[in-house]
Structures are given as C-alpha cells and as structure tokens.
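Below is one structure, written out as structure tokens; the observations come after it.
Every chain is numbered from 1, with letters handed out A, B, ... down the list of sequences. These figures come from a predicted structure and were not determined experimentally. Every heavy atom of this structure was used, including side-chain atoms; hydrogens, water molecules and symmetry mates were not.
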Protein chains: 2
Amino acid sequence: MNSSADALQAPSDSTENGAQQIRDAIRDAIVERRLSPGTKLSESDVGNLFNVSRTLARAALQALSYEGLVSVEKNRGAFVAYPSPEEAGQIFAARRLVEPGILRSAAERITPVQLRQLRQLLVEEGRLMSERGQPARRAEIKASGDFHLMLASISGNLIMQRFMEELVARSSLVIALYGQSSVSSCGHSEHGDIIDALERKDVETACHLMLHHIAHIEADLDLRERKSFGLREAFER
Amino acid sequence: MNSSADALQAPSDSTENGAQQIRDAIRDAIVERRLSPGTKLSESDVGNLFNVSRTLARAALQALSYEGLVSVEKNRGAFVAYPSPEEAGQIFAARRLVEPGILRSAAERITPVQLRQLRQLLVEEGRLMSERGQPARRAEIKASGDFHLMLASISGNLIMQRFMEELVARSSLVIALYGQSSVSSCGHSEHGDIIDALERKDVETACHLMLHHIAHIEADLDLRERKSFGLREAFER
DNA sequence: ATGCAGGTAATTGTATACAATTTAACGCCA
DNA sequence: TGGCGTTAAATTGTATACAATTACCTGCAT
C-alpha cells in the first residue's frame with residue numbers, strides 16, 4: 001500500500017517459518033481488534049484455520065504469549081490477553097519511560113528522507129481517518145502505532161525497536177478494553193507536532209510533546225469500567 | 001541460600017511447565033557462562049540431557065530465542081547467541097536508556113525493608129568476590145546482575161522487570177565475549193554508591209551513578225573472542 | 001593435493017498418536 | 001428443583017514417527 005509503512009512491516013521473508021506466519025496473522029488480528037480480549041484460541045481451531053497441525057499452532061500461540069498478547073494457562077489453553085488495569089498502567093508507564101529516550105536517539109540519527117517518510121505516514125494516517133468503514137478503522141489503528149514504531153526504527157536500536165513493538169501491540173489491547181472515545185483522533189495532530197519539533201531539532205520539546213501525547217492516550221482510558229463482552233467471555237476468565 | 005536473593009528468582013512454581021524448567025536451566029547455564037556463545041544446542045542433545053522429548057527441548061530453545069539468549073537458524077539449529085559488537089552496543093544503549101527511569105520509579109516506591117534487602121544483596125556480592133573457585137565466580141556474576149534486577153523489581157513495573165531480565169542476561173553474554181578484566185570487581189563499590197544515594201533520596205545522583213556504572217562496564221569491553229565448554233561438560237558435575 | 005559429484009548420515013520441520021487434565025453432561029437422590 | 005458425584009467428551013501436554021533439509025564423507029577426475 002504505502003512504501004514507508006511497508007518499510008516497517010516484518011521482513012516477510014518467504015523463508016519464514018510456518019509458525020511465524022501464523023503468529024503474525026494472529027497478532028495482526030489482535031492488534032486490529034478483530035479478536036477481542038479474552039477470546040479463547042484453541043490449538044485445534046488455530047491449526048484448522050491455517051491448515052497446519054497443532055504443533056505449529058501451539059508454537060505460534062507460545063510466541064504470542066512471550067509478547068504478552070496471549071496468555072496461556074496451564075492445561076486450560078490460550079486466550080487473547082485481557083490486561084488488568086494494573087497491567088494497562090504498567091504498559092503506559094513503560095512507554096513514558098522509554099519513548100523519550102527513543103525519541104532522543106532518533107533525533108540524533110534522523111535523515112531528511114526519514115523525516116519525509118514520517119510525514120508520509122502522517123498523511124496516510126489522516127487519509128484513513130477521513131475514510132469510513134471497519135477496514136479503515138483497522139488500518140488507522142495500525143498506522144497510529146506505526147508512527148511510534150517508525151521512531152524506534154529510526155533510533156537504530158533493534159532491541160528497543162522490538163520492545164516498542166511489544167508495547168504498541170499491547171497498548172492496542174488496552175485501548176480496546178478501556179478506551180472510551182474513538183481511537184486516536186486527537187493523536188494525529190500530536191504526531192504532527194512531534195515531527196515538527198523533530199524537524200527543527202528541538203529535542204526537548206519533542207520529548208515533552210511525546211510525554212503529553214502518551215498522557216493524552218492514557219487519559220482516554222477508563223480503567224474502572226470494563227467493556228462488556230458476551231456473557232460467556234465475561235466469566236471464562 | 002539467601003532470602004533476598006531468592007526473592008528475585010523465578011516463582012519456581014511446582015506447576016511449572018516442563019519446557020520452562022529446561023529453559024531456566026539452560027538460561028542459568030548461559031548467564032553463568034557454563035555455556036559459551038556459539039555453542040550448538042541440538043534438540044536431541046538437550047532432550048537427552050533432560051530426559052524429555054525433542055518437543056520440549058525445542059520449546060525451551062524457542063523460548064530462549066525470544067529472550068535473545070539463543071539464536072535459531074532455519075534448518076540449522078539453535079546456538080547460544082553470539083552477539084555482534086553492534087548488538088552489544090545496542091544492549092548497553094538500551095540499559096542506559098532504561099535504567100535511570102527504572103531507578104527513578106524505584107526511588108519513589110522503595111521501602112526501608114527493600115533498602116535493607118538491597119544492602120544484603122551487596123554484602124552477599126562482596127562475600128562471593130572474596131571467595132575463590134569457579135562456583136563462586138558464577139554466583140558472583142549472577143549476584144551482580146541481581147542488583148539491577150532487584151531495582152527493577154522494586155520499581156513495581158512487571159514489564160520493565162521482564163525487559164531488564166532480558167537485558168541483564170544478554171549483558172552477561174556480551175561480557176563473556178568481549179569483557180577483558182574479571183567481571184565486576186569495580187561494579188561492586190558502584191552498586192554501593194547507588195544504594196547510598198537512594199537512601200538519602202538523592203535520585204539525580206543515583207541516576208548519574210547508574211549511568212556512570214553502565215559506562216564503566218561498557219568501557220571494559222574489547223572486541224575479541226573466547227573459547228567454549230561443550231554442552232555436556234556445562235551440565236555434568 | 002585439490003575440487004567437485006554423489007550419496008549417506010545426521011538434524012531440523014511438521015504431523016500424528018497417545019497420555020493427562022480439565023470441562024461438561026448426565027443421572028441420581030434428597 | 002437443586003445439589004452432588006460419576007462419567008464422557010473435549011482440550012492440552014508430551015512423545016514418537018515421518019518428511020525435508022543440511023552437513024559430512026567418500027571417491028573420482030583433474
């Protein structure tokens with residue numbers, strides 16, 4: 001779709017392990033909220049869905065559990081993670097702790113072409129916001145996360161990039177559970193402000209804006225009230 | 001052995017999955033440097049060693065690869081990770097980025113009893129330094145990492161704690177590969193200084209000392225290689 | 001000797017089979 | 001009707017079997 005967005009996607013090597021493809025597919029489904037927190041992911045079902053054996057399905061679920069997107073309970077199976085309010089707070093606390101540092105690193109290394117890519121990501125995000133329909137909503141969710149991921153990528157630290165991928169994905173889960181307003185309508189302009197600050201090398205302001213941005217997202221959460229799902233999901237956890 | 005040290009150890013639930021036990025055992029072996037970077041970890045060998053099937057051995061190796069301690073190459077097998085100089089730099093960059101923030105969080109929440117536990121960890125560390133022999137060296141390595149892990153634990157953020165566990169473990173690998181002097185003889189006093197600053201609520205100094213401490217460890221690195229034990233020798237005895 | 005070709009052994013990738021545990025379903029009885 | 005124990009079905013935990021890929025060794029030609 002978009003070259004700058006594609007640059008972020010997983011290598012998508014054709015030599016990819018079978019389990020990894022399944023993991024990526026399920027992760028996308030979780031991040032884009034086609035799978036709700038608490039949903040049971042049985043090994044047989046996953047295997048049948050992707051026409052592979054339970055072995056690979058299990059490996060994929062195991063991998064997702066290491067990312068915190070799936071929780072596996074011994075002898076009970078795997079479920080889409082249902083982060084508690086405490087977990088939600090810790091996820092955002094981690095982001096507040098980490099993203100300013102990533103931003104600083106990124107500011108040091110960013111090139112003009114990367115700045116252009118960031119802006120391109122932004123217009124794509126805006127385009128999706130104006131579009132209507134479920135697919136656009138899903139793409140918007142992903143694009144909004146891609147902004148933060150791209151910054152991590154620019155920082156040049158693969159380890160922090162991986163960590164941010166985990167945090168962004170888990171954030172999506174938290175927002176799905178506790179978010180009140182529609183997703184990131186406010187976030188979009190804030191992303192732009194951060195890019196502006198980056199462009200004029202005003203790192204301190206950029207960090208400040210980033211912290212404000214994260215606080216803004218967090219402020220939209222209502223950690224007291226849980227969104228209601230089906231009766232069954234409400235009690236099987 | 002030591003109550004404050006034990007408080008850090010994995011829950012050690014008796015309901016632990018078989019694969020997890022194996023993962024923990026291998027991780028310990030890697031962190032304590034009984035297994036050298038680059039050592040091949042074949043699924044059959046690991047399985048035989050722990051008297052389980054390849055299924056569990058494979059799961060354990062897979063888990064370790066998510067932590068960055070083992071690298072699995074498609075159709076070639078698993079090896080104890082051999083971090084490149086670039087990776088080594090990124091690991092320590094991540095620690096510089098993250099540990100001051102963790103320290104700040106910890107400073108806000110630390111209780112007198114936790115301070116006492118930190119000190120206790122320190123004397124244990126000192127005791128091990130004065131002891132001689134391989135087992136003491138290994139315990140010393142672990143104790144030195146436990147200081148940082150305990151701080152992460154005090155910070156109260158499970159996600160950051162997990163991340164620090166990964167970073168500390170991978171640091172051990174880097175030091176095994178590129179470290180010149182014997183481990184953390186200098187680190188010990190620096191740990192003490194940080195605790196002192198924490199005790200008088202001097203957070204800024206504590207963070208400064210932490211950054212200095214990490215830089216100190218990094219300064220001891222050189223780009224050379226070392227030799228290895230085999231898998232079997234690492235576990236027998 | 002060196003380099004290459006072929007084939008064999010060893011190792012990983014995936015599927016299937018069986019055991020252990022949990023979940024639910026049924027029937028019994030108060 | 002409602003609670004409870006037993007049993008059957010479904011699901012996960014682990015081991016084994018087979019397929020695919022790689023690594024190694026041998027032998028031949030140059």
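- Using a 4.0 Å heavy-atom cutoff across all strands shown, A:Ser42 reaches sugar-phosphate atoms only and no base atom.
- Rounded to whole Å, atom P of C:dT11 lies 13 Å from atom CG of B:Leu41.
- Proximity of a side-chain donor or acceptor of A:Arg137 to a complementary backbone N or O of A:Glu131 within less than 3.5 Å is detected.
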**Request:** Give the C-alpha distance, both sets of side-chain angles, the deciding distance and a yes or no for salt bridge (Lys or Arg N to Asp or Glu O under 4.0 Å) between B:Arg170 and B:Glu87.
**Result:** CA-CA 10 Å; B:Arg170 295 180 75 168; B:Glu87 254 177 285; 3.2 Å; yes

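- In this structure, the nucleotide among C:dA15, D:dG13, C:dG13 sitting nearest to the side chain of A:Arg58 is D:dG13.
- In this structure, A:Glu43 atom CD and C:dT21 atom C1' are separated by 13 Å, rounded to whole Å.
- Within the 4.0 Å cut-off from OP1 or OP2 of D:dA15, not a single side-chain nitrogen or oxygen of B:Arg54 is found.
- For the OP1/OP2 pair of D:dT14 and a distance below 4.0 Å, the side-chain nitrogens and oxygens of B:Thr55 include no atom meeting the criterion.
- Taking atom CG of residue B:Asn75 and atom C1' of nucleotide C:dT12, one finds them 6 Å apart after rounding to whole Å.
- The side chain of B:Leu56 lies closest to D:dT14, out of D:dT14, D:dG13, C:dA15.
- For B:Phe79 and D:dA23, the CZ to C1' distance is 11 Å, given to the nearest whole Å.
- Proximity of a side-chain donor or acceptor of B:Arg109 to a complementary backbone N or O of B:Ile154 within less than 3.5 Å is detected.
- Both A:Asn51 and B:Ala78 sit near DNA chain C, but only B:Ala78 has its closest nucleotide nearer the 5' end.
- For B:Arg76, the side-chain atoms get nearest to D:dT22 when compared with the rest of C:dT14, D:dT22, D:dA15.
- Straight-line distance from the NZ atom of A:Lys74 to the P atom of C:dT23: 13 Å, rounded to whole Å.
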**Request:** Kindly indicate, with the supporting measurements, whether the criterion salt bridge (Lys or Arg N to Asp or Glu O under 4.0 Å) is fulfilled by A:Arg162 and A:Glu166.
**Result:** CA-CA 6 Å; A:Arg162 280 283 193 87; A:Glu166 180 182 323; over 6 Å; no

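- Ranking D:dT12, C:dT16, D:dA15 by closeness to the A:Ser44 side chain, first place goes to D:dT12.
- Here the C1' atom of nucleotide D:dT21 and the CD atom of B:Glu73 are 14 Å apart, to the nearest Å.
- Atom-to-atom, CD of A:Gln21 to C1' of C:dG13 comes out at 13 Å; the value is rounded to the nearest Å.
- Distances were taken from every side-chain heavy atom of B:Lys40 (C-beta onward) to each of C:dT12, D:dA15, C:dT22; the shortest belongs to C:dT12.
- Between B:His148 and B:His191, the angle of the ring planes goes over 60°, which puts this pair in the perpendicular group of the 30/60° scheme.
- With the 3.5 Å cutoff on both pairing distances, Watson-Crick and G-U pairs in DNA chain C assemble into runs of at least 3 at C:1-30 with D:1-30.
- B:Phe50 places its CZ atom 15 Å from the P atom of D:dT14, with the value rounded to the nearest Å.
- Within 6.0 Å of atom CZ in A:Arg138, more than 12 heavy atoms from other residues, nucleotides or ligands are found, so the atom counts as buried in its surroundings.
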**Request:** Please report the C-alpha distance between A:Thr39 and A:Tyr82 in whole Å, then the side-chain angles of each, then the deciding distance to 0.1 Å, and finally whether the side chain to side chain contact (heavy atoms under 4.5 Å, CB included) criterion is met.
**Result:** CA-CA 9 Å; A:Thr39 303; A:Tyr82 196 107; over 6 Å; no

